[in-house]
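Below is one structure; the comments refer to it alone.
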Amino acid sequence: MPKQDVFHRTEAAMGMTPQVWARHSNPWSGWSRLTVLPLFALAVWSRIWLGWGALGLILLVLVWTWLNPRIFATPRRTDNWMSRGVLGEQIWLRQKDAPELQHHRPVVRMLTFICGAGGLIYLLGLILLSPGLTFTGLAAAMLGKLWMLDRMVWISEDAARCKTDHPSQPD
């Protein structure tokens with residue numbers, strides 16, 4: 001069995017089949033997905049006002065996280081930034097060892113570290129109910145994710161130029 005990295009484990013946990021990936025390449029899915037971390041923070045912070053009732057909001061955010069890449073139709077076009085970023089994620093998962101994509105590896109590692117560090121700060125802020133830590137972590141995680149998406153656009157473009165395995169485009 002091949003070594004599973006954070007990208008493959010996340011893909012497996014989310015149940016990302018080729019059909020789900022195709023729907024997730026809809027820019028509405030990608031952009032609305034950016035609501036997950038702020039909504040999760042709001043749900044966790046609501047424990048101040050709702051007590052155990054906050055668990056219901058947390059559950060709703062988790063359902064939204066899983067449901068989001070499934071509820072949008074497969075886009076007719078994927079020639080936009082968000083769609084190309086999602087397609088690039090797929091390419092990276094499947095072809096990251098391709099020689100023509102190796103120059104991306106150090107940047108992807110750095111961005112993964114930024115997202116992870118931001119995520120840890122974010123979670124610590126949520127646990128401690130610290131606004132400063134929560135917002136600092138949220139900002140780092142989201143900016144890291146957007147920068148990662150931009151890198152995935154670049155990967156998608158490089159793969160198309162080099163004719164590596166590119167996810168099929170909708171008809």
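Between Arg47 and Leu129, the closest side-chain pair of non-hydrogen atoms falls below 4.5 Å. Inter-residue side-chain proximity for Thr78 and Arg84 is flagged as unmet; no heavy-atom pair is nearer than 4.5 Å. Inter-residue side-chain proximity for Pro38 and Leu138 is flagged as met; some heavy-atom pair is nearer than 4.5 Å. Side-chain contact check for Arg23 versus Gln19: every heavy-atom pair is 4.5 Å or farther apart. Thr35 is listed as a side-chain neighbour of Trp64, based on a closest heavy-atom distance under 4.5 Å. Side chains of Trp92 and Arg105 form a contact here, defined as non-hydrogen atoms less than 4.5 Å apart. Looking only at side-chain heavy atoms (C-beta outward), Asp158 and His103 come within less than 4.5 Å of each other. The shortest side-chain heavy-atom distance between Ser46 and Trp49 falls under the 4.5 Å cut-off.
Hydrophobic clustering (side-chain heavy atoms under 4.5 Å, transitive across Ile, Leu, Val, Met, Phe, Trp, Tyr) keeps Phe135 apart from Leu42. Under the 4.5 Å side-chain heavy-atom criterion for ILVMFWY residues, a single connected hydrophobic cluster contains both Val153 and Trp28. Cluster membership check: Leu124 does not share its hydrophobic cluster with Leu143, using side-chain heavy-atom separations under 4.5 Å among Ile, Leu, Val, Met, Phe, Trp and Tyr. Both Ile58 and Trp66 are members of a single hydrophobic cluster when ILVMFWY side chains are connected at heavy-atom separations under 4.5 Å. Each of Phe113 and Leu123 belongs to its own hydrophobic cluster when Ile, Leu, Val, Met, Phe, Trp and Tyr are linked at side-chain heavy-atom distances under 4.5 angstrom.
The shortest heavy-atom contact between Leu37 and Met142 is CD1-CG, 4.0 Å. Closest non-hydrogen pair, Met148 versus Val108, comes out as CE-O, 3.7 Å. Contact detail for Pro75 and Ala22: the closest heavy-atom pair is CD-O, 3.3 Å. Taking every heavy atom of both residues into account, Ala159 and Leu101 meet most closely at N-CD2, 4.3 Å. Across all their heavy atoms, Ile114 and Gly144 have their closest contact at CG2-CA, 4.1 Å. Contact record, Ala41 with Leu126: CA-CD2, 3.7 Å, taken as the closest heavy-atom pair.
Judged by distance alone, with hydrogens and angles left aside, the side-chain atoms of Thr65 form a donor-acceptor pair with the main-chain N or O of Val61 at under 3.5 Å. A distance-only check finds a donor-acceptor pair linking the side chain of Ser83 to the backbone of Ser25 [under 3.5 Å].
Taken from CZ in Arg161 to CD in Glu100, the straight-line distance is 11.0 Å, to the nearest 0.5 Å. To the nearest 0.5 Å, atoms CG (Leu39) and CG (Leu62) are separated by 11.0 Å. Note: His24 NE2 to Asn68 CG = 6.5 Å, rounded to the nearest 0.5 Å. For the atom pair Met152 CE and Leu149 CG, the distance stands at 8.0 Å (nearest 0.5 Å). The structure places CH2 of Trp21 at 13.5 Å from OG1 of Thr74, a figure rounded to the nearest 0.5 Å. Between Met82 atom CE and Leu34 atom CG the span is 5.0 Å, to the nearest 0.5 Å.
Relative ring orientation between Phe40 and Tyr122 is described as tilted, the plane-to-plane angle lying within the 30° to 60° band.
Side chain to side chain, Ser29 and Asn26 fail the donor-acceptor criterion of an N or O pair below 3.5 Å.
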- [ ] Decide yes or no on side chain to side chain contact (heavy atoms under 4.5 Å, CB included) for Trp154 and Val107, but give the supporting numbers first.
- [x] CA-CA 11 Å; Trp154 189 350; Val107 178; over 6 Å; no

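Under a cut-off of 6.0 angstrom, the local environment of CH2 in Trp81 is crowded, with over 12 non-hydrogen atoms contributed by other residues, nucleotides or ligands.
The salt bridge (charged side-chain N to carboxylate O under 4.0 Å, His left out) test with Glu89 singles out one residue from Arg33, Arg151, Lys145, and that residue is Lys145.
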